[in-house]
Amino acid sequence: MTNVSITGIKGMNDILPGEVEAWQFLESSARRVFAAFGYREIRVPVVEKTELFCRSIGETTDIVEKEMYTFADKGGTSMTMRPEGTAPVIRAFIEHKLHTLDPVSKLYYLGPMFRHERPQKGRYRQFHQIGAEVIGLDDPKIDAQVLAMLSHFFATVGIDGVTLQINSLGCPECRPAYRQALLDFLQARLGQLCADCQRRAATNPLRALDCKVPGCIEATAGAPAVIEHLCTGCDLHFEAVRSHLTELEVPYTVNPRMVRGLDYYTKTTFEMVTDRLGAQSAVAAGGRYDRLVADLGGPPLPGIGFAMGEERLALLLGARDDASPRPALFIATLGVEAERFGFRLLTRLQRQGIYAEMEYAGKSLKAQLRRADKLGARRVLILGGDELARGIAQLRDMAAGTQEEVPLTELDARLGLVVCD
RNA sequence: GUGGGUGUAGCUCAGCCGGUAGAGCACUGGAUUGUGGCUCCAGGUGUCGAGGGUUCGAACCCCUUCACUCACCCCA
């Protein structure tokens, strides 16, 4: 209201008490699930040299072309707030030669990412991802295992209504031929395509397959699919992934039109999609990147990974029961003496890990009880001048509405306090 | 970057055809000078998002601007 107050930055949100519990639940669930599959956490900086993202994500992607928070530091180096997590993780992997410790690295990370886009539902400028990467294996079994883990995570946190879609993008061997086939197909129907798709035909023909304009969906209905143009190696790999998914009873559908926004993907790609997020459909996405480690100057190791959007997960989790903590004891006092006694007792309880509250503003007993009720306190200790004089306190059970007199000498035992302080 | 919607009390919102604001919830106090929930009573701060214009008079009409929001593009 006051026009002088400082507000937060557009698209960068505060996560308040009441919301943060869902985030903690998602993060602890992810840690537990990932640990069981052998992943270890890695923490990397939020800022990297700009070049890292240009080289990994691709110079001509939207992310690199117009969505990065890039600035020059005081030495003049171009720095960028990370728009995704895989590139920094691979950079760290290479820099610390993690492949010399173990031929296979399974890593996970979580934290904020930054993209300068126009915010909307499920899409923010600072958003948070939970991601995992496996480096050093190209066996289709690991593709299936990654998907099994992802799918299990959703089951664990209780998010349903999501579907796993998979596709294969081929490799540098089979992709050029496919790209040409698609290009020929689109060129022949250019007139039927929307303006955006006509542009895409020139820049990124795969995107035309993803267009939502009815005319384009119709025009591209018979377009060649990547998975029909895979080379033998990629085809065998994809078939093996599929059969392993069936063995592991991971439900999935093949979406031959699935497209990636980052250039480094090869072979298997996948998304966890939903129709409950407004215009956003992907809650998690990832794929194989068999060239990336080498492209960034590391050993020629294959990799596969995914990232989940934490805001999107939280939206799907929906409003959960308010888990605000309830005090085990509320201390209500009347008079200076009693207040002093109560304040000491309060601190002793808190030091022993027992959540206790009291009123600090010297209000009426009625007001104190009202606050105790609002906080959901299970019991209230009532201490007035009368009680102090008699060496007792009233211990009230809020749910039952009953109370009893407890001698002060027995108070510690009744409140579960260890006797020596 | 482009388009739509919405801005009125702490929150959710009402406010007709222009006559300078209301309800519910929440909060505080009281009914009960020391006993919560239920009930009843009382209590109010709004620069009506901001700036300008039309008018005797604007929350309402016009213009501009900002914020939020949804969607396009694109993506987790």
Side-chain angles (χ1 to χ4, degrees), chain A residues 1-5 7-11 13 57 60-67 82-86 110-131 150 162 194-197 199-200 203-204 207 210-213 258-262 270-274 277-287 305-316 330 332-335 338 359 361 363-388 393-403:
Chain A
M1 291 299 123
T2 23
N3 43 15
V4 287
S5 64
T7 59
I9 294 170
K10 182 200 285 283
N13 301 314
I57 298 171
T60 60
T61 56
D62 275 37
I63 294 177
V64 170
E65 277 187 348
K66 49 187 198 193
E67 294 173 1
R82 63 183 186 192
E84 61 108 28
T86 300
L110 48 87
M113 308 292 162
F114 304 84
R115 291 182 201 171
H116 193 103
E117 302 176 273
R118 197 75 170 261
Q120 65 188 71
K121 188 181 179 67
R123 190 171 140 197
Y124 310 98
R125 289 185 173 177
Q126 173 175 332
F127 60 104
H128 298 76
Q129 289 189 332
I130 303 175
L150 181 61
V162 293
C194 70
D196 278 330
C197 280
R199 176 177 54 78
R200 290 180 181 118
T203 58
N204 192 346
R207 287 242 164 273
D210 207 29
C211 187
K212 291 159 196 157
V213 176
M258 198 171 73
V259 172
R260 296 280 67 168
L262 292 74
F270 52 89
E271 280 181 13
M272 227 14 129
V273 299
T274 178
L277 279 179
Q280 264 57 246
S281 58
V283 196
F306 65 83
M308 305 187 279
E310 212 169 344
E311 281 79 359
R312 294 182 183 182
L313 291 170
L315 281 170
L316 290 178
F330 189 96
T333 64
L334 288 164
E359 176 65 57
K363 302 230 169 133
S364 69
L365 182 59
K366 177 209 280 283
Q368 297 186 59
L369 278 166
R370 204 161 24 221
R371 179 155 172 78
D373 185 55
K374 180 185 156 66
L375 293 174
R378 290 164 221 283
R379 297 192 291 182
V380 175
L381 190 76
I382 301 170
L383 251 182
D386 299 351
E387 283 83 0
L388 267 191
Q394 311 278 351
L395 188 58
R396 182 175 182 80
D397 182 311
M398 290 299 273
T402 58
Q403 64 188 49

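What you see is a predicted model, and the numbers here were worked out from it, not measured in a lab. Naming convention: chains lettered A, B, ... in sequence-line order (proteins, then strands); numbering from 1 in each chain.
In this structure, B/A21 makes no Watson-Crick or G-U wobble pair, since no nucleotide meets both defining distances under 3.5 angstrom. Of the nucleotides present, B/A31 is the one that pairs with B/U39 by Watson-Crick or G-U wobble criteria, both distances under 3.5 Å. When Watson-Crick and G-U wobble pairs are counted only if both distances are under 3.5 Å, B/A71 pairs with B/U2. B/A59: no Watson-Crick or G-U partner with both key distances under 3.5 Å is found in any strand. The pairing partner recorded for B/G7 is B/C66, the criterion being a Watson-Crick or G-U wobble arrangement whose two distances lie under 3.5 angstrom. Across all strands shown, nothing is found opposite B/A26 as a Watson-Crick or G-U wobble partner with both distances under 3.5 Å.
Contact record, A/Arg312 with A/Ala282: NH1-O, 2.7 Å, taken as the closest heavy-atom pair. Minimum interatomic distance between A/Pro119 and A/Gly11 (heavy atoms only, all atoms of both residues): CG-CA, 3.8 Å. Between A/Leu313 and A/Met308 the shortest heavy-atom distance is CD1-CB, 3.9 Å.
Spacing of C1' atoms, B/A76 relative to B/A21, comes out at 45 Å, to the nearest Å. Between B/C17 and B/C13, the distance separating the two C1' atoms is 23 Å to the nearest Å. Atom C1' of B/G29 sits at a distance of 37 Å from the matching atom of B/A67, rounded to the whole Å. Nucleotides B/G5 and B/G52 are separated by 24 Å at their C1' atoms, to the nearest Å. B/A59 and B/A50 are spaced 10 Å apart, taking the P atom of each and rounding to whole Å. Using C1' as the reference atom, B/C11 and B/G44 are 15 Å apart when rounded to the nearest Å. B/C41 and B/G37 have their P atoms separated by 16 Å, with the value rounded to a whole Å. Distance check on atom P: B/U65 versus B/G24 gives 39 Å, rounded to whole Å.
Annotation: side chain of A/His128 is not in contact with side chain of A/Leu110 (no heavy-atom distance under 4.5 Å). By the 4.5 Å heavy-atom criterion applied to side chains, A/Leu262 and A/Thr61 are not counted as neighbours. Looking at heavy atoms from C-beta onward, A/His116 lies out of side-chain contact with A/Phe114 at the 4.5 angstrom threshold. In this structure, A/Ile382 and A/Gln403 have side chains that are in contact, with non-hydrogen atoms separated by less than 4.5 Å.
Rounded to the nearest 0.5 Å, atoms CZ (A/Arg125) and CD1 (A/Ile9) are 9.5 Å apart. Between the CD1 atom in A/Ile57 and the CD atom in A/Glu65 there is a gap of 12.0 Å [rounded to 0.5 Å].
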Exercise. In B/S/- notation, 5' to 3', how is nucleotides 28-41 of chain B contacted by protein heavy atoms closer than 4.0 Å?
Worked result: -S-BB-BBBB----
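The separation between A/Phe306 atom CZ and B/A76 atom C1' is 12 Å, rounded to whole Å. Remark: P of B/C72 and NZ of A/Lys121 are 13 Å apart, rounded to the nearest angstrom. The separation between A/Asn13 atom CG and B/A67 atom P is 15 Å, rounded to whole Å. For A/Leu277 and B/A76, the CG to C1' distance is 10 Å, given to the nearest whole Å. Taking atom CZ of residue A/Phe127 and atom P of nucleotide B/C74, one finds them 17 Å apart after rounding to whole Å. One can place CG of A/Leu110 at 14 Å from C1' of B/A76, the figure rounded to the nearest angstrom. Atom CD in A/Glu84 sits roughly 19 Å away from atom P in B/C74 (whole-Å rounding). To the nearest angstrom, P of B/C70 lies 12 Å from CZ of A/Arg118.
Mapping A/Met308 and A/Pro119 onto RNA chain B by nearest heavy atom places A/Pro119 closer to the 5' end of the strand. Of the two residues contacting RNA chain B, namely A/Gly278 and A/Gly11, the nearest-nucleotide position lying further toward the 5' end is that of A/Gly11.
Across all strands shown, A/Ala282 has heavy atoms under 4.0 Å from sugar-phosphate atoms exclusively, and none from any base. Nucleic acid contact class of A/Phe330 (heavy atoms, under 4.0 Å, all strands): none. Among the protein residues, A/Gly131 comes within range of no part of the nucleic acid, since none of its heavy atoms lies under 4.0 Å from any strand. At the heavy-atom level, A/Ile130 lies nowhere under 4.0 Å from the strands shown.
When the side-chain nitrogen and oxygen atoms of A/Gln120 are compared with OP1 and OP2 of B/A71, one or more of them lie within a distance under 4.0 Å.
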